[in-house]
Amino acid sequence: MVLSELYWDHHIPLPKLGPLQSRLVTAFVALVCFINSYDGDFVFDDSEAIINNKDLNPDTPLSNIWKNDFWGSNLSSNSSHKSYRPLTVLTFRINYLLAGGLHPIGFHMLNVALHCVISVLMIDVFAILIGGLVHDGRWAKLSLSPKASFLAALFFASHPVHTESVAGIVGRADLLCALFFQLSFLVYCKAFQGGDKKFSVLWIFGSILLCAVAMLCKEQGITVLGVNAAYDILMVCNLNIFELAHQLLSRRKSADIGGLVRSGLFMRLALLFLGGSFLLYARWRIMGTGPPSFTEVDNPASFAENVILRIVNYNYYYSLNAWLLLCPWWLCFDWSMGCVPLIKSATDWRIFWPLLLWCCLMGLVYQALCSQDSNKRRTLTFGLVLLVIPFLPASNLFFRVGFVIAERVLYLSSAGYCLILAYAVGFCSCHWKKHKVHYNVGKNLADRGNQSAAVKYYREAVRLHPKYVHAMNNLGNILKERNELKEAEVLLSAAVNIQPDFAAAWMNLGIVQNSLKKFDKAEQSYWNAIRFRKKYPDCYYNLGRLYADLNRSIDALNAWRNATMLKPDHSLAWNNMVILLDNTGNLAQAELIGKEALKILPKDHTIMFSLANVLGKQEKYKESEGFFLNALKINPNVASCHGNLAVLYHRWGKLDLAKRHYELSLRLDPSAPGTKENYNMLKRKLELRQRTVG
């Protein structure tokens, strides 16, 4: 299968930069936006957390930072806010030590540098959430959404709501927490680098450990476990929540749950749950098994006696936070002291804003769950996950917090907003022009197997936009499969003339030209594809097929070997090498290649079958029998495998077993070439033996 970028990614109005260039640009944007804070002074909460905090002084025992809260007060004190962030305090202490005192420039510069690093890492996070965790043949990570992830990272790098976290020195807690939050997520993704059906418990434990580190920077770090769980359910297991809920409610397809158990999902979720529970318990014990105490001035809504009033005001706070993400026109370092008057009456016009917020959220949730477009579902769902889950500790849902609104708590949640915003830009760019709509409909129809209808929409997309190379490539592919080769060649040739570096179109053109017996042109097309995409195992595989058709055996073997080097589990390339060496009489080399392939693909029955044939020709009957039987265990209904095993037994002199497998082969495929003749020969031999014995 040839990987392709998201259909809306290439419509984003940004240049397509390489991985290094996009990271440098993102870091530069983050630096330019916040470098003006480098010469700021210690302000507001900096006084308590830094200037008056004795834990920063090198003369104070280092062990104190593990006993005291973020402000230097003992955690057991009634006046402590229970903010346990020893790793953040440790970085303040290092700043103090390096600068030889309280000089704010070093503190500010480290904050800006952290924001640059976090913004760059956001490219990787967004690339995985939008396009999935995809690797090439050598397990180098690929990005299927280079423009979308880059745009979302640029939004994050430059968002004004980060001002408090970056420009305020105490905001370092949010920065460090975000950094280890990202690392925990990326390490969790590493657990699946061996493929979706395999996972590493070691990497999962590493992710939980990094979550603990994030919590030691700020309590919000625990929420990464929720994001990891959502990634596992939605991306790794590819669950459609809406369809699964419908199936469970209607009590249909209950066997799907068994598939989830076999995939290891419940085990991984259990590890995340147990790890999170342990971290929360440890945190509870550290803060003295009691919540911090706040005054009504800190959070007036939480002291309202009427539950309805509390709920209404909390939701109004949520809408104000949403507005800060949408339109950060007015920012404030402190929203307490009556800055946000309470809603106390149903006639207060401000009730409109929570209603509007929930209408928008419900609309997004509906699109995220019910859209027919899997790309849209995935992107919007992860946008909402990143928006909501990191915000939960500040929501007053689980415990009272010590503020009304705090822009710093939106540092991580803004990533979800930036992801949704990048999708909106890509979606609008894609749908502003009519031909894009036809392309998307055609792609969805083709994905569902309705090729005839897809052809109609692709043709219309090309008619409306004669240089739409992706529509030409997809239409050419369908025509190729329908054996309409002449038109497919015309379309694919036009696509590569318009965009000469379109590697997939070059490869597809080569396949069509090969089918039309235009071998020289096909070879040139394949090499053009490889020139524009250096690591292209599928193209090497097709090139090998061309050379095999031309009886250029050595060239074919070299091409297939390149395919397996780039993609070690390329079954077709391995199998073709074994078959070609078998057909050319190189049985010893065919045996070596077959056994090498089975070390990588131990359950590939097609390679077992080919290797068994090679061993049989070398009269290694016992070993050949073992591979035939293993292949039949994996796929017992392959007529040719039964037929060839019967031939092996026939030669070996095990005539009764040969008879049994000839009959099984003919039952599965009565028209199998040669099997009936061999079976008749065997029956005559058995009859002769019976007469001789009689």
Side-chain angles (χ1 to χ4, degrees), residues 23-53 56 70-71 83 85 87-123 152-182 214 217-218 220 321 323-336 339 390 394 403 405-415 417-418:
R23 283 162 171 73
L24 289 174
V25 170
T26 303
F28 179 74
V29 169
L31 182 68
V32 167
C33 289
F34 293 97
I35 192 63
N36 61 337
S37 65
Y38 83 97
D39 59 349
D41 208 338
F42 295 113
V43 294
F44 194 52
D45 286 344
D46 297 343
S47 299
E48 293 300 319
I50 297 172
I51 297 174
N52 299 329
N53 190 344
L56 269 63
F70 185 57
W71 315 97
S83 302
R85 304 167 189 173
L87 293 185
T88 304
V89 177
L90 180 61
T91 66
F92 291 155
R93 184 168 174 139
I94 292 170
N95 270 129
Y96 186 105
L97 187 64
L98 292 176
L102 290 174
H103 304 293
I105 188 168
F107 290 84
H108 283 296
M109 288 305 295
L110 182 53
N111 273 25
V112 174
L114 282 170
H115 178 61
C116 293
V117 172
I118 293 164
S119 299
V120 168
L121 281 177
M122 278 298 176
I123 296 178
L154 287 178
F155 285 147
F156 182 87
S158 58
H159 203 300
V161 83
H162 298 155
T163 301
E164 183 181 7
S165 297
V166 182
I169 297 172
V170 291
R172 185 175 302 171
D174 300 275
L175 298 173
L176 289 170
C177 175
L179 176 62
F180 289 104
F181 182 105
Q182 292 174 309
C217 298
K218 189 173 181 180
Q220 199 177 8
N321 278 284
W323 183 248
L324 288 172
L325 291 174
L326 285 166
C327 184
W329 186 255
W330 25 266
L331 301 172
C332 182
F333 68 91
D334 183 14
W335 292 81
S336 61
C339 283
F403 52 82
I405 296 173
E407 291 152 19
R408 59 187 177 275
V409 303
L410 294 174
Y411 190 79
L412 272 169
S413 291
S414 66
Y417 167 73
C418 293

Discussion item. How close do Cys217 and Cys177 get, counting heavy atoms only, and between which atoms?
Written reply: CB-N, 3.7 Å
Worksheet item: Taking everything shown except Phe42 itself, do over 12 heavy atoms lie less than 6.0 Å from its CZ?
Response: yes
Response to the item:
When rounded to the nearest 0.5 Å, the distance separating CG of Leu24 from SG of Cys116 is 11.0 Å
Discussion item. Testing the basics here: between Gly40 and Pro104, what is the closest heavy-atom pair and its distance to 0.1 Å?
Written reply: O-CB, 3.4 Å
Worksheet entry | Gln220 side chain near Asp174 side chain, heavy-atom distance below 4.5 Å | yes
Worksheet item: Do Ile105 and Asp39 touch side chain to side chain, with heavy atoms closer than 4.5 Å?
Response: no
Fill in: Reported CG-to-CG distance for the pair Leu326 and Asn321, which is rounded to 0.5 angstrom
11.0 Å
Worksheet item: Closest approach of Leu176 and Leu87, non-hydrogen atoms and distance?
Response: CD1-O, 4.4 Å
Response to the item:
Residue set satisfying side chain to side chain contact (heavy atoms under 4.5 Å, CB included) with His162, at least two apart, ordered chain then number -> Phe34, His115, Phe156, His159, Val166, Tyr411, Ser414
Worksheet entry | Approximate separation, where rounding is to 0.5 Å, of Leu179 CG and Leu412 CG | 10.5 Å
Worksheet item: Distance from Leu331 atom CG to Ile405 atom CD1, nearest 0.5 Å?
Response: 11.0 Å
Worksheet item: Does Lys218 reach the side chain of Thr88, with side-chain heavy atoms less than 4.5 Å apart?
Response: no
Worksheet item: Which pair of heavy atoms, one from Leu56 and one from Ala49, lies closest together, and at what distance?
Response: CD1-O, 3.9 Å
Fill in: Whether over 12 other heavy atoms sit under 6.0 Å from Phe28 CZ
no
Worksheet item: Does the side chain of Ile94 reach to within under 4.5 Å of the side chain of Leu98, using non-hydrogen atoms?
Response: yes
Worksheet item: In terms of heavy-atom contacts, does CH2 of Trp330 have more than 12 from other residues, nucleotides or ligands at under 6.0 Å?
Response: yes
Worksheet item: Which atoms form the tightest heavy-atom contact between Phe92 and Phe70, and what is the distance?
Response: CE1-CE1, 3.7 Å
Item to complete: Find out whether Val25 and Leu154 are in side-chain contact, i.e. whether some heavy atom of one side chain is under 4.5 Å from a heavy atom of the other.
Response: yes
Discussion item. A side-chain contact here means heavy atoms from C-beta on lying under 4.5 Å apart; do Trp71 and Asn53 qualify?
Written reply: no
Worksheet item: Does the side chain of Leu324 come within less than 4.5 Å of Leu410's, by heavy atoms?
Response: yes
Fill in: Separation between CD of Glu164 and OG of Ser37, rounded to the nearest 0.5 Å
13.0 Å
Worksheet item: How many angstroms lie between atom CG of Leu110 and atom NE2 of His108, to the nearest 0.5 angstrom?
Response: 11.5 Å
Discussion item. Counting C-beta onward and ignoring hydrogens, is there a side-chain heavy-atom pair between Asn95 and Arg172 closer than 4.5 Å?
Written reply: yes
Worksheet entry | Shortest non-hydrogen contact between Gly168 and Asp46, atoms and distance | C-OD1, 4.5 Å
